[in-house]
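What you see is a predicted model, and the numbers here were worked out from it, not measured in a lab. Chain identifiers are assigned alphabetically (A, B, ...) following the order of the sequence lines, protein sequences preceding nucleic acid strands; residue numbering begins at 1 within each chain.
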Number of protein chains: 2
Amino acid sequence: MHKEPDTKTSYSAGELAILEAAETLFAQKGFAAVSMSAIASLANTSKPNIYHHFKNKNDLYLAVMTTAVRRTSTLLDKLEVSPGTFSERLTEFSAGQLDNILGHKRSTQLILRETLTEDSEHGQEITRLVMGEVFSRLVAMVHQGQQEGEFRQNIDPTLAAFLIVSANMFFFQAFPAMQHIPEVDFSDDASAYSKGIMDLLTNGMLQKGEINVAST
Amino acid sequence: MHKEPDTKTSYSAGELAILEAAETLFAQKGFAAVSMSAIASLANTSKPNIYHHFKNKNDLYLAVMTTAVRRTSTLLDKLEVSPGTFSERLTEFSAGQLDNILGHKRSTQLILRETLTEDSEHGQEITRLVMGEVFSRLVAMVHQGQQEGEFRQNIDPTLAAFLIVSANMFFFQAFPAMQHIPEVDFSDDASAYSKGIMDLLTNGMLQKGEINVAST
DNA sequence: GTCTATATAATGATAGAC
DNA sequence: GTCTATCATTATATAGAC
């Protein structure tokens with residue numbers, strides 16, 4: 001049957017074509033800027049056929065968002081982290097998340113777009129759904145690293161996790177623009193980026209061996 | 001005269017009301033989701049009156065974006081940084097940028113939204129316009145800090161600047177959503193946040209021998 | 001399930017009075 | 001400069017044939 005996308009978990013070939021076309025366009029232009037005609041055209045079908053499979057435009061959007069969220073969050077669960085120092089584990093996990101983001105650009109774009117729409121709390125809910133798990137695991141890693149003595153005690157694990165996630169998300173979001181700023185010269189290699197930010201986060205910027213100038 | 005918003009730098013009271021209403025709605029919902037009627041209604045005027053002052057919807061949007069960009073980037077120039085260690089200067093500058101962002105939420109939202117629209121390279125240009133200067137100054141600070149021996153040589157100043165900017169932008173963008181994740185417990189005080197991330201970036205997460213214990 | 005054709009509502013934009 | 005009234009276009013959504 002059709003018209004219950006919220007609970008639906010498998011789609012026919014035709015429906016998948018519609019969903020993919022819709023996801024592409026919604027990600028590129030946003031909900032309101034995309035017409036059902038445009039979706040039909042990209043999906044190589046007709047407008048009424050879309051309405052046969054999805055109740056209305058909003059339901060189609062919900063179906064797209066649901067599959068996007070499912071896709072990005074399930075891939076995360078599979079991300080096993082090999083043993084090593086906690087710095088290494090964080091680096092690996094961070095690289096995994098960035099890979100996940102870059103491997104699902106359309107979904108990520110959709111979710112970020114939703115974040116900016118303060119229409120309802122719908123966007124916030126989706127953000128939590130997608131990033132809550134990454135966040136929890138990062139916080140847990142940092143916390144454990146503290147307990148085992150690898151990390152300093154007087155840092156907020158939440159803050160550290162937040163920094164890692166923000167670096168990854170912003171890399172995706174702003175890199176195309178930043179790339180053309182003269183000062184920006186680091187490569188767009190995701191794993192190199194992950195290593196770079198984790199090196200900064202673990203070792204810090206200060207010269208080692210120097211006196212750590214007593215902070216304010 | 002009217003209908004040349006690109007070069008225009010001062011507006012009448014009526015035009016300002018229209019621009020403000022338009023900025024609010026465009027920031028909340030995005031260009032396509034906002035109707036001229038809605039803008040007219042919020043600005044307490046009529047649709048034809050908007051068309052009297054602005055050539056069309058797209059020109060109105062351009063005028064809104066132009067003033068938004070001008071507003072956020074000029075405030076940055078005024079940000080003087082007091083002397084001190086480079087860690088302290090970076091902290092102050094970062095806090096200044098975050099203040100700037102939080103003080104112009106609508107403008108920031110508009111710009112971030114534009115970043116996500118891969119319609120043209122227009123969004124990228126705006127991003128560079130708004131963030132290029134912040135970026136340059138951050139990179140210069142880090143670089144100078146390296147030359148004067150405060151910071152390690154083997155870090156990429158660009159990467160450090162990127163981390164700071166991303167932390168600030170993402171704080172604005174995702175904090176409302178993240179706030180409700182159980183693990184997130186740090187305050188939403190902007191300057192405390194800036195101090196926190198700069199502490200992490202300068203001192204790093206690793207336990208450094210035994211010298212580093214005295215802090216906050 | 002998929003189409004052609006169409007109903008209906010809303011949108012961007014204009015004409016013309018004051 | 002600001003309005004009422006209106007046009008032309010496009011949008012979502014449906015009816016009904018195959």
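Within 6.0 Å of CD on Glu20(A) lie no more than 12 heavy atoms contributed by other residues, nucleotides or ligands.
Ring geometry, Phe26(B) versus Tyr61(B): the interplanar angle exceeds 60°, so the pair is classed perpendicular (tilted spans 30 to 60°). The aromatic rings of Phe171(A) and Phe162(B) sit perpendicular, their planes meeting at an angle over 60°, well past the 30° parallel limit.
Of the side-chain N and O atoms in His53(B), one or more sit less than 4.0 angstrom from OP1 or OP2 of dT2(D).
Between Thr127(A) and Glu114(A), the side chains place no donor N or O within less than 3.5 Å of an acceptor N or O (distance only, hydrogens not considered). Looking only at atom types and distance, the side chain of Glu183(B) has a donor-acceptor partner in the side chain of Ser136(A) under 3.5 Å away.
At whole-Å resolution of the value, NE2 in His52(A) and P in dG16(D) are 17 Å apart. With rounding to whole Å, Ile39(B) atom CD1 is found 17 Å from dT2(D) atom C1'.
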> Reading nucleotides 3-13 of chain C 5' to 3', which nucleotides get B (base under 4.0 Å from a protein heavy atom), which S (sugar-phosphate only), which -?
Replying inline: BBB-----SBB

